[in-house]
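Here is the structure we will look at.
Keep in mind that the numbers below use all heavy atoms, side chains included, and drop hydrogens, waters and symmetry copies. Note on naming: letters A, B, ... go to the chains in the order of the sequence lines (proteins, then strands), and numbering restarts at 1 for each one.
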Amino acid sequence: MMQNGMDILHHQNGSTNSVHGHQNESKTNLIVNYLPQTMTQEEVRSLFASIGEVESCKLIRDKVTGQSLGYSFVNYHRMEDAEKAINTLNGLRLQNKTIKVSYARPSSESIKGANLYVSGLPKNMSQIELESLFAPFGRIITSRILCDSFQPFVDPTSGVADPSNMSKGVGFIRFDQRMEAERAIQALNGTIPKGFNEPITVKFANNPGNNSKAIPTLAAYLAPQITGRFAGPIHPTGRFRYIPLSSLAATTTAGKTMLAINKGLQRYSPLANEIVQEPVLPGNTIAGTGWCIFVYNLAPETEENMLWQLFGPFGAVQSVKVIKDLQTNKCKGFGFVTMTNYDEAVIAIQSLNGYTLGNRILQVSFKTNKNKM
DNA sequence: TGGTATT
């Protein structure tokens with residue numbers, strides 16, 4: 001593929017710059033952002049190979065779970081292919097995403113940790129206005145305003161937000177350099193920008209993949225809640241921000257709120273206006289003792305120590321079992337935990353059902369007896 | 001406090 005004349009370089013002073021080296025990687029190396037979660041490295045490579053010969057392709061994955069982080073590097077042999085890839089593939093819609101293709105910045109420590117979390121923004125603030133506020137402090141790589149809306153799109157050129165977009169008053173700004181981000185924090189955190197009514201908070205964003213939802217956090221948070229009764233809504237103490245209240249699986253039926261933890265174990269009592277316990281035969285137990293809990297949506301690499309860690313804080317755990325494929329020795333996506341005490345099992349189910357582990361939302365319930373239900 | 005912008 002050396003037939004277009006571009007490969008014959010003329011050096012003015014007889015220097016020996018290699019045509020084959022990596023000295024111009026900044027013009028051949030691309031970063032591809034907003035890839036669909038399910039897209040594999042080979043699929044990315046195939047897509048970009050349609051433009052020209054790819055020297056390397058690396059999809060970035062979570063170190064622990066192996067899940068795609070949604071971005072990739074693609075290095076071409078030739079600068080013109082990289083440029084063509086930007087021109088033809090940037091903005092391409094794949095599944096539910098619009099990919100972004102741009103030159104990768106040379107890697108360095110100074111560009112890491114440059115993402116800021118901003119809260120207290122006026123609800124009508126556009127993305128353009130947000131960038132204007134931060135632009136004095138450096139080169140903005142990306143910005144985002146979080147919305148409640150189902151339709152997250154805000155035209156980035158006009159800055160016009162769809163009226164159906166309900167800003168949460170929270171945004172992110174990624175600078176090119178960490179120092180720029182630090183300057184913005186110094187200048188803006190706690191201040192009331194011109195035209196604002198409230199002070200804004202500016203701080204470094206949580207960096208992704210750092211296990212901010214780690215198990216010890218969950219355990220430390222929930223252990224004091226084990227009281228033998230329904231725990232009810234659990235309020236953050238400030239140090240821990242994350243608890244899946246959705247795990248309570250509240251549903252509204254005919255105007256009445258029910259906790260759908262396990263049909264047959266509780267029913268709604270109109271008189272007491274609360275969930276009442278009903279005695280249940282231990283048909284979901286192993287060997288007639290303890291309460292068997294079904295845990296679904298576990299990652300393939302899940303080991304049994306994970307289940308011990310997850311359920312241990314809630315009380316006495318008799319046994320755990322991760323169901324594995326015999327061929328691959330990988331978890332088939334579910335497992336079982338047997339707990340001694342009913343009340344502790346209920347709270348474990350309440351607390352862990354809906355809990356996000358890695359990128360997966362766990363489904364936790366009492367094991368059902370398929371013969372009966 | 002998103003969905004994942006530095007291998």
Side-chain angles (χ1 to χ4, degrees), chain A residues 22 25-26 28-39 41 44-45 48 54-76 86 90 94-121 127 130 138-154 156 165-178 180-181 185 189 200-214 217 236 238-245 356 358-361:
Chain A
H22 297 271
E25 191 172 274
S26 65
T28 60
N29 195 26
L30 302 179
I31 186 165
V32 187
N33 295 107
Y34 311 111
L35 290 166
Q37 172 65 231
T38 57
M39 198 164 178
Q41 180 167 287
V44 175
R45 176 186 275 271
F48 283 80
V54 170
E55 187 272 332
S56 64
C57 174
K58 182 161 191 177
L59 180 68
I60 307 304
R61 302 173 183 277
D62 184 288
K63 289 189 182 83
V64 176
T65 69
Q67 301 264 38
S68 166
L69 293 182
Y71 68 97
S72 176
F73 294 93
V74 175
N75 191 31
Y76 282 101
I86 292 173
N90 183 39
L94 293 174
Q95 298 172 31
N96 55 337
K97 296 292 184 73
T98 301
I99 68 169
K100 179 177 176 181
V101 183
S102 55
Y103 288 114
R105 293 170 287 162
S107 183
S108 83
E109 283 302 309
S110 70
I111 67 173
K112 296 177 181 172
N115 198 23
L116 293 180
Y117 166 82
V118 188
S119 61
L121 298 169
Q127 187 180 5
L130 177 66
R139 174 185 167 206
I140 294 169
I141 303 298
T142 56
S143 68
R144 163 175 265 124
I145 291 180
L146 302 188
C147 297
D148 290 323
S149 169
F150 177 70
Q151 185 179 41
F153 186 76
V154 178
N165 279 329
M166 287 264 291
S167 166
K168 296 166 84 164
V170 167
F172 292 88
I173 293 276
R174 181 183 299 280
F175 279 105
D176 181 44
Q177 300 289 319
R178 184 179 175 96
E180 297 168 342
I185 291 174
N189 183 40
I200 61 172
T201 297
V202 183
K203 52 203 210 183
F204 285 114
N206 292 339
N207 41 14
N210 69 346
N211 275 341
S212 59
K213 288 175 273 191
T217 296
R239 203 155 84 79
F240 306 112
R241 67 174 173 82
Y242 182 84
I243 191 67
L245 292 177
T356 302
N359 289 328
R360 295 160 177 269
I361 297 176

> Given the rule in the side-chain contact (heavy atoms from CB on, under 4.5 Å) test, do A:Lys203 and A:Leu116 qualify, once you have shown the distances and angles that lead to the verdict?
Replying inline: CA-CA 5 Å; A:Lys203 52 203 210 183; A:Leu116 293 180; over 6 Å; no
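Environment of CD1 in A:Ile361: sparse, with no more than 12 heavy atoms of neighbouring residues, nucleotides or ligands closer than 6.0 Å.
Relative to the side chain of A:Ile60, the nucleotides B:dT4, B:dT7, B:dA5 differ in distance, and B:dT7 lies closest. With B:dT7, B:dA5, B:dG2 as the choices, the nucleotide that has an atom nearest any side-chain atom of A:Ile31 turns out to be B:dA5. With B:dA5, B:dT1, B:dG3 as the choices, the nucleotide that has an atom nearest any side-chain atom of A:Ile141 turns out to be B:dA5. In this structure, of B:dA5, B:dT6, B:dT1, it is B:dT1 that holds the atom nearest to the side chain of A:Tyr117. The side chain of A:Arg144 has B:dG2 as its nearest neighbour among B:dT6, B:dT7, B:dG2. For A:Lys97, the listed nucleotide lying nearest its side chain is B:dG3; candidates were B:dT1, B:dG3, B:dT6.
In this structure, A:Arg178 places its CZ atom 17 Å from P of B:dA5, rounding to the nearest Å. Atom CZ of A:Phe73 is separated from atom P of B:dT7 by 6 Å (rounded to the nearest Å). Between the CZ atom of A:Arg61 and the P atom of B:dT4 there is a distance of 15 Å, given to the nearest Å. Whole-Å rounding puts the A:Gln37 CD to B:dG2 P distance at 16 Å. The nearest whole Å value for the distance from the CZ atom in A:Arg139 to the C1' atom in B:dT6 is 13 Å. B:dG3 atom P lies 12 Å from atom CD1 of A:Ile361, rounded to whole Å. Rounded to whole Å, atom C1' of B:dG3 lies 16 Å from atom CD1 of A:Ile145. Note: CG (A:Asp62) to P (B:dA5) measures 14 Å, nearest angstrom.
Between A:Ser68 and A:Gln37, some side-chain heavy-atom pair lies under the 4.5 Å cut-off.
Contact between the side-chain N/O atoms of A:Ser107 and the OP1/OP2 oxygens of B:dT7 is found at a separation under 4.0 Å. Applying the 4.0 Å criterion to OP1 and OP2 of B:dT6, one finds that A:Arg174 has a side-chain N or O inside that range. For A:Asn33 and B:dA5, the shortest distance from a side-chain N or O to OP1 or OP2 is below 4.0 Å.
Residue A:Asn96 is classed as having no contact, given no heavy-atom separation below 4.0 Å to the nucleic acid. Heavy atoms of A:Lys203 sit under 4.0 angstrom from at least one base atom. In this structure, A:Lys100 reaches the bases: a heavy-atom distance under 4.0 Å links it to at least one base atom across the strands shown. Using a 4.0 Å heavy-atom criterion, one finds that A:Ser102 contacts the bases of the nucleic acid, with or without backbone contacts as well.
With the nearest nucleotide of DNA chain B identified for both A:Lys112 and A:Leu35, A:Leu35 has the one nearer the 5' end. DNA chain B is contacted by both A:Leu30 and A:Leu146; A:Leu146 maps to the nucleotide lying nearer its 5′ end (nearest heavy atom per residue).
Considering all non-hydrogen atoms of both residues, A:Leu35 and A:Val44 come closest at CD1-CG2, 3.9 Å.
Remark: A:Arg360 pairs with A:Asn297 by the side chain to side chain donor-acceptor pair (under 3.5 Å) rule, at least two apart or across chains.
The aromatic ring of A:Tyr71 does not sit over the base of B:dA5, since the test of centres under 5.5 Å and planes under 30° is not met.
Under a 3.5 Å cut-off, the side chain of A:Gln127 and the backbone N or O of A:Ser143 do form a donor-acceptor pair.
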